[in-house]
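Here's the structure we're looking at; comments come further down.
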There are 2 protein chains.
Amino acid sequence: MRADAKKNYDHLLTIAREVVAEHGADASLRDIARRADVGLGTLYRHFPTREALLETLLRAGFDALTLRAREFDTADAPDHALVSWLREIVALAHSHRGVIASMAAAIEDPDSALHASCVTMKASGARLLARAQAAGLARADMEGADLFALVAALAWINDQASLAPRADRLFQLIAGAILVHPGRIGDFTAHASAEN
Amino acid sequence: MRADAKKNYDHLLTIAREVVAEHGADASLRDIARRADVGLGTLYRHFPTREALLETLLRAGFDALTLRAREFDTADAPDHALVSWLREIVALAHSHRGVIASMAAAIEDPDSALHASCVTMKASGARLLARAQAAGLARADMEGADLFALVAALAWINDQASLAPRADRLFQLIAGAILVHPGRIGDFTAHASAEN
DNA sequence: ACCTGAACACCGTTCAAGT
DNA sequence: ACCTGAACACCGTTCAAGT
């Protein structure tokens, strides 16, 4: 990448991060280009679709979550690991308000720039779920797709201003429905959270 | 209302029902006016906001749900009543794809045309929940706002094409988390649904 | 190789002018 | 009273013209 292009690319990302933090994943692309002092075509050259831009914004968070899943997979009690990881992926999605709908759409659209990341997230969750199931700590009648949908729903609740105050409580309720011994949830999720 | 105005009003509603069925609650208002062979200003005169139009489209369904809640309140086993009613409100929201986000926003916005209906729905749910709780059939640590948020989340899952296949299963899972004796769910929700 | 911004086809919303 | 549609201020997306 040429030096001037690289500079535009980086600056666009910085501004996009600000604008998405402010207006959510549906933010005006025009507005981003304008505030970055860059032609609209330059934004489209670097990020041919909105999903491509969002994927770049979220990539670091996705990678961190993939690593966390691997850590959790060996280090923790399977139920603790599963619930803690769920909390973190919900927090990541929420940190980019509105992106969860794009992620839900991307999971079944191989052409979406978000597809690969979503598939990875789903697989990480499925692995943690399977481990908890094998230990008899999660209900057996669930699979990765169910977990992905529940995470999406919880992230969506977080994104709705009027429902957000109930989000933590409902996370606990749903986590409790996944686990065989929900009594243990309070022990390890009370103050957990992910920053992104 | 003048005869010509009444005719426009009715025709707009007919067309709006078609277009919303096709494109969801975010359908283009311009498109509705166009297909109704009516000036854009006429649509705005009859329905000053999108919420006003949606409220009119959904009113019959809301009224039916209010009646159903009253029936359920006296006729059925409290847990059966609660879960059956939840199924119906989820189905109503889903029958107007995308409207659930507006409903979530309206519940805390007294100026929204959907506000009153949402408050009524929330109150109906809260009453059925309280009755089930009093009978020891629903967990005591929940309130109406939690139920409303869960219904919204389930309706949202239904609206996402990629998540919809899991919607029934997740309804059961969440209903099971609300009830004290979830084993009973399968008995009475397997084939229930609402038409609107 | 990369950037720019006009051009196109859409929106939602308002309101002066008509009947 | 009611209707109309132009006008305004926005979008997303493309692409000819520039450097």
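To find a chain, count down the sequence lines: A is the first, B the second, and so on, and within it residues start at 1.
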Report the distance from atom [atom1] of [X] to atom [atom2] of [N], rounded to the nearest whole Å.
| X | N | atom1 | atom2 | value |
| --- | --- | --- | --- | --- |
| A/R45 | D/dT13 | CZ | P | 17 Å |
| B/I32 | C/dC10 | CD1 | P | 17 Å |
| B/Y44 | D/dA6 | OH | P | 16 Å |
| B/R34 | D/dT4 | CZ | P | 15 Å |
| B/L43 | C/dT14 | CG | P | 13 Å |
| A/R30 | C/dC10 | CZ | C1' | 11 Å |
| A/D10 | C/dC2 | CG | P | 14 Å |
| B/F47 | D/dC2 | CZ | P | 14 Å |

Discussion item. Quick check: on DNA chain D, is the nucleotide nearest B/R2 upstream (toward 5') of the one nearest B/V38, or the reverse? Name the residue that is more 5'.
Written reply: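 It is B/R2, whose closest nucleotide lies nearer the 5' terminus.
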Discussion item. With nearest nucleotide decided by heavy atoms, which residue, A/D26 or B/G39, maps closer to the 5′ end of DNA chain D?
Written reply: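 Final value for this comparison: B/G39.
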Name the nucleic acid region contacted by [X], choosing base, sugar-phosphate or nothing; use a 4.0 angstrom heavy-atom cut-off, strictly under.
| X | result |
| --- | --- |
| B/L40 | base |
| B/A27 | sugar-phosphate |
| A/T42 | base |
| B/R50 | sugar-phosphate |

Worksheet item: Between the side chains of B/D159 and B/H94, is a donor N or O closer than 3.5 angstrom to an acceptor N or O?
Response: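 The answer is yes; a qualifying pair exists.
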Fill in: Note, A/L173 side chain near B/L150 side chain (heavy atom, < 4.5 Å)
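Of all side-chain heavy-atom pairs linking B/L150 with A/L173, at least one is under 4.5 Å.
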Item to complete: Could you let me know what D/dA1 is paired to, Watson-Crick or G-U wobble, both distances under 3.5 Å, or none if it's on its own?
Response: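 Base partner found: C/dT19.
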Worksheet item: With both distances under 3.5 Å as the test, what is the Watson-Crick or G-U wobble partner of D/dA6?
Response: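 Its partner is C/dT14.
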Fill in: Nearest heavy-atom neighbours spanning A/A126 and A/G144
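Closest pair (atom of A/A126, atom of A/G144, distance): CB-CA, 3.9 Å.
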Item to complete: For the pair A/H80 and A/F72, name the ring-plane relationship: parallel under 30°, tilted 30 to 60°, perpendicular over 60°.
Response: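 Ring orientation of A/H80 relative to A/F72: tilted.
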Please state whether the phosphate of [N], meaning OP1 or OP2, lies under 4.0 angstrom from any side-chain nitrogen or oxygen of [X].
| X | N | answer |
| --- | --- | --- |
| B/H46 | D/dC3 | yes |
| A/S28 | D/dC10 | no |
| B/N8 | D/dC3 | yes |

Item to complete: Assess whether side-chain contact (heavy atoms from CB on, under 4.5 Å) is satisfied between A/M142 and B/R169, documenting all intermediate values.
Response: CA-CA 9 Å; A/M142 276 190 66; B/R169 164 174 276 310; 5.5 Å; no
